[in-house]
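One structure is given below, encoded as structure tokens.
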Number of protein chains: 2
Amino acid sequence: MKLLSKSRDAEATRRKVIETAFGEIYRNGFQGASVNTIAEETGLTKGALFHYFASKQALGYAVVDEYIGPLLLQRWLDPLRDSDDPIRTIRKTCKRYVKEDIASGHFVFGCPLNNLAQEMSPLDKEFHKRLNTLYDTWRSAYAEAIRNGIKNRTVRDTVSPKSAAALIVAAQMGIWGTGKSSQDAERMQQAGDALCDYLDTLRASFKPTGAKR
Amino acid sequence: MKLLSKSRDAEATRRKVIETAFGEIYRNGFQGASVNTIAEETGLTKGALFHYFASKQALGYAVVDEYIGPLLLQRWLDPLRDSDDPIRTIRKTCKRYVKEDIASGHFVFGCPLNNLAQEMSPLDKEFHKRLNTLYDTWRSAYAEAIRNGIKNRTVRDTVSPKSAAALIVAAQMGIWGTGKSSQDAERMQQAGDALCDYLDTLRASFKPTGAKR
DNA sequence: CAACATACCTACCGGTAGGTATGTATGTCA
DNA sequence: TGACATACATACCTACCGGTAGGTATGTTG
């Protein structure tokens, strides 16, 4: 028999460390996060923490692989599967998470993925490899979705899927960046709405003479 | 008589510290930058450096006020003065600095202003105040330029200046963020071109049936 | 129960971070 | 020429960082 005791459950402990580390890294950056604090918050000693992760870096990589990556897929990419109106889906998803992050107050810490990418990409090859792969996945998924939109006539055929995908992802970096740098919900909201306006210009039905915000 | 000697010129020394600090902070982030290294690179001892700046923070604020701020104005805002075609000017300026940063290799370190804003805004009020003011200035200048463009019929009157300005600035954060996180010139170029495409959709002459990239 | 593995703790390491107290060299001005 | 401020150097302090050595407690398995 196994897993009888709640404590001394290795898998759960490991997971808890990763979740705590995610929070600390999200709030303070990777370099700014302290393994002492992470251990303390987890209710573990530093020795125990290093029983699970060979180094602070290894813990960081695990946070990317086992927390941030899956979160990206679940939040942003899953909704696109089985969507026959990609513009509508992207628009809705964006609006939703802007709203959620403002409501929770998380927006002041920006986007976990972007934070790590900005901080660590030039400093650490392993981080860069992982984070870059995630962003490539994101852009590819958007491009593919837009391509489908063109096929089914919901998107203008004068739109370049790859180019539009690059801009949408960049704009999302910028929206969360705006929230973080301004620490102001209204400015973030404005940037989010502006992206939605742009998304509407991609629709097959778009007319430049239409309503303005 | 003053300023006879090249060394022991306080103003020049101070400036040199700021420039060195800018480089270190640009490459390593504020928290990652070491005052030991900055002092060493300046050819100064740590004691001497702290003769000019009361703390590492104070040095950081000086870098924003006396280096990054002026750089922003000179690079991005000055070209807009006396421009009667804001779209063309923003487009040209963006293309120019994407090209320059790729050529110099600086793009792998991202945008100095954005780096600091992302890293320090949630952690330090003084940084936040300064950096947020700079971004507000930036957005306001763009909004004003677009408003002028609408007046002189170079920009569609269905465009919301404030909204478009928010998106353009956010997209620029994202373009440099893309370069930094991908460490790849081509991906950054793609994002830059995509922003240019978007800018063209703001023109009064824009037709959705036009050429695609 | 014995043998062993895994989970976790205590105490400590070397290194470096930002910061400071104090001394000295240099230029200015009365 | 001598008093004084400023520019800089030397030496050192404290706090904390990531990381480890060595032990103990709690299983699991035969």
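In the text below, chain A, chain B and the rest are named by the order of the sequence lines, each starting its count at 1.
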statement: Sorted by chain and residue number, the ring-ring contact (aromatic ring centres under 6.0 Å, His included) partners of A:Y67 (sequence neighbours excluded) come out as A:F22
- request: Go through the structure and list residues passing ring-ring contact (aromatic ring centres under 6.0 Å, His included) with A:F107, not counting sequence neighbours.
  value: none
Considering only distance and modelled atom types, tabulate donor-acceptor pairs under 3.5 Å from the side chains of residues 171-178 of chain B, sequence neighbours left out.
unit_1, atom_1, unit_2, atom_2, d
B:Q172, NE2, B:Y142, OH, 3.0
B:W176, NE1, B:D101, OD2, 2.9
B:T178, OG1, B:G174, O, 2.6

- prompt: What is the distance, rounded to the nearest whole Å, between atom NZ of B:K46 and atom P of C:dA21?
  reply: 14 Å
- request: Sorted by first residue and then second, give each side chain to side chain donor-acceptor pair (under 3.5 Å) pair with at least one member in residues 52-64 of chain B; sequence neighbours left out.
  value: B:Y61-B:D124
message: Restricting to side chain to side chain donor-acceptor pair (under 3.5 Å), what partner residues turn up for A:R147, sequence neighbours left out?
response: A:E144
All side chain to side chain contact (heavy atoms under 4.5 Å, CB included) counterparts of A:E24, not counting sequence neighbours: A:R27, A:N28, A:A33, A:T37, A:I38, A:E41
field: Residues that A:K151 engages under side chain to side chain contact (heavy atoms under 4.5 Å, CB included), provided they are two or more places apart
entry: A:N148
Output side-chain donor-acceptor pairs under 3.5 Å for residues 70-84 of chain B, partner residues at least two apart or in another chain, one line each.
unit_1, atom_1, unit_2, atom_2, d
B:S83, OG, B:D85, N, 3.2
B:S83, OG, B:D85, O, 3.4
B:S83, OG, B:T89, OG1, 2.6

query: Where along residues 17-37 of chain B does a heavy atom fall under 4.0 Å from DNA chain C?
result: B:A33, B:S34, B:V35, B:N36
query: Which residues within residues 116-127 of chain B lie with some heavy atom under 4.0 Å of an atom in DNA chain D?
result: none
- prompt: Using a cut-off of less than 4.0 Å, is there contact between a side-chain N or O of B:T13 and OP1 or OP2 of D:dA7?
  reply: no
task: Check each residue of residues 49-65 of chain A for a non-hydrogen atom within less than 4.0 Å of any atom in DNA chain C, then write out the ones that pass by number, or none.
output: A:H51, A:Y52
Flag if over 12 foreign heavy atoms under 6.0 Å of CZ, A:R15: yes
field: B:Q118: side chain to side chain contact (heavy atoms under 4.5 Å, CB included) partners, not counting sequence neighbours
entry: A:N115, A:K180, A:S181, B:N114
